[in-house]
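Report on the following structure.
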Protein chains: 2
Amino acid sequence: MNILEKITNELDMLSKSERKVAEVILASPNTVIHSSIAALAKQANISEPTVNRFCRRLDTKGYPDFKLHLAQSLANGTPYVNRHVDENDTADEYTSKIFESSMASLELARKSLDANDINRSVDVLTQANKISFFGLGASAIVAHDAQNKFFRFNVPVVYFDDILMQRMSAINSRQGDVVVVISHTGRTKSLVEVASLAKENDATVIGITTTGTPLAKECSIVLSVDVSEDTDLYMPMSSRIAQLALIDVLATGFTLRRGSKFRDNLKKVKDSLRSSRFERKD
Amino acid sequence: MNILEKITNELDMLSKSERKVAEVILASPNTVIHSSIAALAKQANISEPTVNRFCRRLDTKGYPDFKLHLAQSLANGTPYVNRHVDENDTADEYTSKIFESSMASLELARKSLDANDINRSVDVLTQANKISFFGLGASAIVAHDAQNKFFRFNVPVVYFDDILMQRMSAINSRQGDVVVVISHTGRTKSLVEVASLAKENDATVIGITTTGTPLAKECSIVLSVDVSEDTDLYMPMSSRIAQLALIDVLATGFTLRRGSKFRDNLKKVKDSLRSSRFERKD
DNA sequence: CAGATTTATGAAATAAAATTTCATTTTTTC
DNA sequence: GAAAAAATGAAATTTTATTTCATAAATCTG
């Protein structure tokens with residue numbers, strides 16, 4: 001994808017003159033994107049048609065098209081890929097890597113989500129008699145956050161990060177109740193059991209998990225949040241960030257479905273916190 | 001910087017014909033980067049010189065230079081800008097907007113962070129006798145998450161999302177203890193008080209908050225997490241995602257500082273969870 | 001290793017694209 | 001509503017890129 005890498009890879013396949021072009025480009029790509037074909041040819045001490053042939057060999061239409069690809073490759077280095085933290089990274093380096101990996105995960109997760117499933121979930125949530133959010137470990141905080149959000153909507157909502165409470169709650173659930181089960185791996189035994197218990201009791205079970213996991217199979221609706229957890233140093237990192245974004249999406253969907261009067265209410269909830277805060281001077 | 005935003009911003013400054021050009025470009029920028037000036041002029045039903053003048057008005061040298069800028073702006077997929085959710089958005093639209101806003105916030109937050117402060121924080125954390133994480137509301141889950149992470153490091157760590165517990169804990173703190181106070185607004189009275197109490201008792205206070213807030217003034221080290229909370233429908237959204245990413249950074253810094261033997265330990269912690277999960281078939 | 005064949009290269013010609021010039025139209029101002 | 005200013009496009013010009021083709025270099029063959 002990145003044209004600079006491609007040039008490096010295909011360096012052997014190039015002829016002598018074409019390689020001269022490649023070297024000039026690799027040496028200062030930022031100059032090249034502002035050069036005409038004539039300027040580049042002169043710089044590399046070869047003729048203009050050679051530059052043109054070089055561009056075609058890299059599967060671009062010609063010189064202007066090549067410059068476009070080059071410009072894109074230079075924009076922000078390589079944008080938002082999962083970069084691995086290295087033992088010797090400086091604070092600045094690992095900070096960037098972690099933030100960028102988080103962004104990459106959000107991008108991935110967004111692609112794995114299906115708008116239909118979100119719509120159905122919002123439908124079900126707005127009509128629920130009771131909403132429960134269940135998660136364990138890192139997903140517990142996602143459930144915790146969901147409670148914090150849905151609580152503002154003045155609907156009966158609970159969250160449990162305790163296996164026994166989750167089981168009891170699942171067993172007591174009934175038609176019209178919605179149980180949201182959150183698990184990145186989708187393989188946590190007790191959570192899969194809880195999902196199936198809730199389902200047996202006619203609750204609607206929404207799973208926030210990775211595609212195709214045991215948990216996914218037990219759910220009425222699956223909201224797929226696929227991320228690559230490569231950067232993780234044995235800790236869940238990107239997965240919960242993507243899950244939180246999904247909670248935001250559900251909460252937003254909920255408020256939109258409820259209409260504008262409802263949102264005025266939310267403002268009141270927020271305003272009620274004002275007295276607990278220091279005034280803003282500006 | 002981003003030329004698409006720039007076009008949007010300067011839409012009012014443009015003449016009628018130039019605006020036509022702008023609209024065609026905004027509608028399908030990806031087509032435009034492969035069009036000649038003639039093709040674009042035809043598309044917008046105006047003449048070629050108009051396109052040229054349009055390009056110059058955006059401070060580019062001419063059409064080819066403009067295309068270069070456009071290509072670079074498009075290189076990061078869709079640029080992550082804070083897009084507002086609209087009343088009539090479809091599920092697909094608000095999902096995209098929320099994910100993109102989260103990404104935009106991560107980008108912003110990353111820029112507001114100072115590597116030096118992170119380094120100092122990691123120093124302090126690795127040497128702490130006891131670590132406490134305090135947050136309220138949406139920031140409570142960030143504190144919760146931090147506990148979940150640092151707990152794996154086998155260091156004494158607690159988290160409180162209860163005002164009284166926080167106060168008591170702060171009063172009992174002493175030199176060598178680290179108190180991490182998390183608040184997006186940095187104006188929550190009780191948290192600011194807790195920070196100052198902890199400081200009076202010689203604990204090191206790390207604040208995860210916005211630059212220049214009352215809380216920031218009470219802290220030994222401030223980790224600035226600035227995000228624009230525009231998209232929020234009266235709920236904290238992007239801020240906590242950025243804060244969580246920062247927790248990841250601190251946790252990562254911690255493990256790096258502790259060396260490779262320590263990381264083997266983390267692997268053991270993770271492996272200990274295996275029996276609670278269903279096996280992977282692949 | 002000579003000769004044949006293929007491949008690589010650049011000069012020149014051509015084509016394409018972008019820019020400038022300038023006359024005409026539209027809009028604004030008083 | 002006339003004069004001035006700004007906007008616009010047709011045509012000319014210039015710049016840039018591509019194609020053609022002749023020649024040179026490299027590779028192969030017996």
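In the text below, chain A, chain B and the rest are named by the order of the sequence lines, each starting its count at 1.
Residue Lys16(A) places no side-chain N or O under 4.0 Å from the OP1 or OP2 atom of dT7(C). Dashed line: the shortest gap from a side-chain N or O of Ser17(A) to OP1 or OP2 of dT9(C) is under 4.0 Å. Between dT8(D) and Thr50(B), no contact under 4.0 Å exists linking OP1 or OP2 to a side-chain N or O. In this structure, Arg19(A) does not reach the dT9(C) phosphate: none of its side-chain N or O atoms is under 4.0 Å from OP1 or OP2. Look at Ser15(B) and you'll find a side-chain N or O under 4.0 angstrom from OP1 or OP2 of dT8(D).
A straight line from NZ of Lys67(A) to C1' of dA17(D) spans 10 Å, rounded to a whole angstrom. Spacing between atom CD of Glu18(B) and atom P of dT27(C) amounts to 14 Å, rounded to whole angstrom units. We find that CG of Leu40(A) is positioned 15 Å from C1' of dT18(D), with the value rounded to whole Å. Here dA17(C) presents its C1' atom at 16 Å from NE2 of His34(B), a figure rounded to the nearest Å. Taking atom CZ on Phe54(A) and atom P on dG10(C), their separation rounds to 14 Å, with Å as the unit. Rounded to an integer number of Å, the gap from Ile46(A) CD1 to dT18(D) C1' is 14 Å. What separates CG of Asn52(B) from P of dT21(C) is a distance of 12 Å, to the nearest Å. The nearest whole Å value for the distance from the NZ atom in Lys61(A) to the P atom in dT19(D) is 12 Å.
Comparing atom distances between the Ser36(B) side chain and each of dA18(C), dA17(D), dT8(D) picks out dA18(C) as nearest. Taking only side-chain atoms of Tyr63(A), from C-beta outward, the nucleotide of dA17(D), dT8(D), dT9(C) with the closest atom is dA17(D). In the set dA8(C), dT18(D), dG9(D), the nucleotide with an atom closest to the side chain of Pro64(A) is dT18(D). Here the side chain of Glu48(B) is nearest to one of dA18(C), dT19(D), dG9(D), namely dA18(C). In the set dG9(D), dT18(D), dT19(C), the nucleotide with an atom closest to the side chain of Ile37(A) is dT18(D). Looking at the side chain of Pro49(A), the nearest of the listed nucleotides dA11(D), dA18(C), dG10(C) is dG10(C).
Classified by interplanar angle (parallel below 30°, tilted 30° to 60°, perpendicular above 60°), the ring pair Phe54(A)/Phe66(A) is perpendicular.
Looking at Glu18(A) and Arg57(A), a side-chain N of the basic residue comes within less than 4.0 Å of a carboxylate O on the acidic one, giving a salt bridge. With respect to the salt-bridge test (charged N to carboxylate O, under 4.0 angstrom), the residues Lys149(A) and Asp248(A) qualify. Using a 4.0 Å cut-off between charged side-chain N and carboxylate O, Asp117(A) and Arg120(A) make a salt bridge.
The OG atom of Ser238(B) sits 11.5 Å away from the CG atom of Leu244(A) when rounded to the nearest 0.5 Å.
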